[in-house]
There are 2 protein chains.
Amino acid sequence: MDRQVSEKKEQLRAFLKERGFKSTRQRDIIAGQFLRCGEHLTAEELYKQISRTHREIGFTTVYRTLKLLSKSGLATERVFADNLTRYEPLSSEDHHDHLICLRCGSITEFENPKMEKLQKRIAEEFGFNTVTHKMELYGYCRMCRKPDK
Amino acid sequence: MDRQVSEKKEQLRAFLKERGFKSTRQRDIIAGQFLRCGEHLTAEELYKQISRTHREIGFTTVYRTLKLLSKSGLATERVFADNLTRYEPLSSEDHHDHLICLRCGSITEFENPKMEKLQKRIAEEFGFNTVTHKMELYGYCRMCRKPDK
DNA sequence: AGGAAAATGAAATTCATTTTCAATTAGTTC
DNA sequence: GAACTAATTGAAAATGAATTTCATTTTCCT
């Protein structure tokens with residue numbers, strides 16, 4: 001198994017123990033699959049993936065485990081224009097933004113320090129104390145953009 | 001009545017006529033209230049406002065009229081972190097972004113050409129053809145930010 | 001006024017998300 | 001390792017915003 005993945009699973013186990021929660025076979029399987037996959041998945045999608053090999057694991061548990069991963073800091077929830085809640089593994093504090101293709105639905109991450117600074121500057125102009133932000137660019141990716149233009 | 005508002009109501013009437021739709025008392029009242037108010041309202045909120053003075057107008061009609069206003073270009077739909085669909089009057093093509101207070105829920109609009117340019121530049125780096133974007137800064141407004149810090 | 005097409009509003013439906021609850025399981029403690 | 005307590009599981013039900021249905025009413029044309 002992936003070094004990264006087992007490390008994070010360990011982190012989860014620590015988090016559970018600390019809070020008096022329990023490590024279970026299901027949580028292990030779900031976290032493993034989620035971390036390995038590493039995409040922006042909905043609970044539904046992850047459930048479908050997992051139930052291929054583990055028909056006994058229910059949707060509810062997948063859903064709850066994703067929530068748990070979010071609380072433990074191993075994942076974040078995101079909602080894009082399609083209004084579905086997606087989960088994404090969180091390495092550390094790499095805050096990044098997204099490019100979303102309107103045709104194929106692909107989600108590309110990016111990070112830009114200038115953007116961050118500019119955001120902070122704008123917020124300050126308004127006396128705002130920024131905690132977090134959301135920035136999504138919707139359009140057509142390299143593969144999907146029209147041949148013309 | 002506000003010059004601006006009646007002008008826009010006229011725009012709506014023209015839009016309806018062009019498409020073979022009908023101007024109705026309800027649509028007039030709903031559009032009027034919405035345009036006058038000018039906030040980021042949910043269908044529910046607008047419905048409550050209107051039903052104070054017009055108990056006979058149903059939620060469904062308010063909802064449908066807001067959709068109609070969006071289609072006619074007089075409003076846009078927006079979804080913030082609370083996952084409710086809000087409607088906002090649209091003057092022309094002023095694309096702006098939002099500062100949202102996590103405590104009081106106030107929504108402040110802003111516009112920044114540098115931001116727009118930066119977005120375009122980033123998108124291009126990834127071969128992306130940007131159509132639209134979404135940018136929200138969440139934090140605490142001047143009134144709500146902690147005294148310390 | 002008459003008639004066709006659209007609009008209305010209450011109620012029903014949808015659909016993702018969240019909660020409930022009885023049965024099961026994990027992780028102590030003796 | 002057995003017993004116990006609290007957490008977990010999974011199926012089913014509940015929730016809640018958004019949307020659709022449908023019988024009735026209204027608009028707008030002639």
Side-chain angles (χ1 to χ4, degrees), chain A residues 9 12-33 40-48 50-72 75-87 105, chain B residues 9 12-34 40-72 75-87 105:
Chain A
K9 278 184 164 186
L12 175 63
R13 233 171 264 128
F15 172 84
L16 293 172
K17 188 153 200 177
E18 188 190 311
R19 306 266 182 133
F21 297 144
K22 291 169 181 172
S23 294
T24 66
R25 196 181 61 86
Q26 288 94 326
R27 284 177 175 168
D28 205 64
I29 292 166
I30 295 165
Q33 178 70 25
H40 296 78
L41 292 174
T42 62
E44 188 63 36
E45 285 165 353
L46 184 60
Y47 165 66
K48 273 182 191 157
I50 287 170
S51 58
R52 268 187 232 130
T53 42
H54 297 278
R55 239 163 310 154
E56 79 284 3
I57 295 181
F59 167 79
T60 313
T61 304
V62 173
Y63 165 79
R64 278 189 285 223
T65 303
L66 285 171
K67 284 273 174 197
L68 195 63
L69 286 165
S70 300
K71 276 177 202 154
S72 74
T76 39
E77 296 186 0
R78 295 200 182 268
V79 180
F80 298 115
D82 61 5
N83 250 53
L84 298 179
T85 303
R86 288 163 198 285
Y87 295 84
Chain B
K9 278 186 165 185
L12 175 62
R13 236 172 259 128
F15 173 83
L16 292 172
K17 188 152 198 179
E18 186 191 310
R19 304 265 183 135
F21 296 146
K22 290 169 183 170
S23 293
T24 66
R25 194 180 64 86
Q26 287 94 328
R27 284 179 176 168
D28 206 64
I29 291 165
I30 295 165
Q33 178 70 24
F34 172 67
H40 297 77
L41 293 173
T42 63
E44 189 64 35
E45 285 165 353
L46 184 59
Y47 166 66
K48 275 182 190 154
Q49 279 192 19
I50 287 171
S51 57
R52 268 188 232 130
T53 42
H54 296 279
R55 239 165 310 154
E56 78 284 3
I57 295 182
F59 168 79
T60 314
T61 304
V62 173
Y63 165 78
R64 278 189 285 221
T65 302
L66 285 169
K67 285 273 173 197
L68 195 62
L69 286 165
S70 301
K71 277 178 202 152
S72 74
T76 39
E77 295 186 0
R78 297 202 180 267
V79 181
F80 299 115
D82 62 5
N83 251 52
L84 298 180
T85 303
R86 287 164 200 284
Y87 295 84

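Just so we're on the same page: letters track the sequence lines, and every chain starts at 1.
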Revision key, fill the gap. B/S/- along nucleotides 4-14 of chain C (protein heavy atoms under 4.0 Å) is -BSSBBBB---
Review point. Roughly how many Å is it from CZ in A:R13 to C1' in C:dA26, rounded to a whole number?
Key: 13 Å
Review point. Roughly, in whole Å, what's the span from CD in A:E44 to C1' in C:dT18?
Key: 14 Å
**Study point:** B:Y87/B:L46 under side chain to side chain contact (heavy atoms under 4.5 Å, CB included): CA gap, chis, key distance, verdict
**Key:** CA-CA 9 Å; B:Y87 295 84; B:L46 184 59; over 6 Å; no
Practice item. Take atom CG of B:N83 and atom P of D:dA17, then tell me their distance rounded to the nearest Å. Key: 11 Å
Practice item. Name the nucleic acid region contacted by B:T85, choosing base, sugar-phosphate or nothing; use a 4.0 angstrom heavy-atom cut-off, strictly under. Key: sugar-phosphate
Point to revise | Rounded interatomic separation in angstrom, taking CZ from A:R78 and P from C:dA16 | key: 22 Å
Practice item. With sequence neighbours excluded, tell me which residues meet side chain to side chain donor-acceptor pair (under 3.5 Å) with A:Q33. Key: A:R36, A:Q49
Study note, to complete from the structure: From CZ of A:F15 across to C1' of D:dT8 the rounded distance in Å is 15 Å
Study note, to complete from the structure: A:R86 atom CZ is separated from C:dA16 atom C1', nearest whole Å, by 12 Å
With a 3.5 Å cut-off and sequence neighbours excluded, list the donor-acceptor pairs that the side chains of residues 15-24 of chain A form with protein atoms.
residue, atom, partner, partner atom, Å
A:T24, OG1, A:R27, N, 3.1

Review point. To the nearest Å, how far apart are B:D82 CG and D:dG16 P?
Key: 15 Å
Practice item. Please list all pairs passing the salt bridge (Lys or Arg N to Asp or Glu O under 4.0 Å) test where one or both residues lie in residues 51-69 of chain B, with sequence neighbours left out. Key: B:R25-B:E56, B:K67-B:E77
Review point. Between A:K71 (NZ) and D:dT8 (C1'), how many Å, whole number?
Key: 14 Å
**Study point:** Pairs meeting criterion ring-ring contact (aromatic ring centres under 6.0 Å, His included) with involvement of residues 52-72 of chain B, two or more places apart
**Key:** B:Y47-B:F59
Review point. Under 4.0 Å between a side-chain N or O of B:Y63 and OP1 or OP2 of D:dA18?
Key: no
**Study point:** A:D82: partners by side chain to side chain donor-acceptor pair (under 3.5 Å), with sequence neighbours left out
**Key:** A:R86
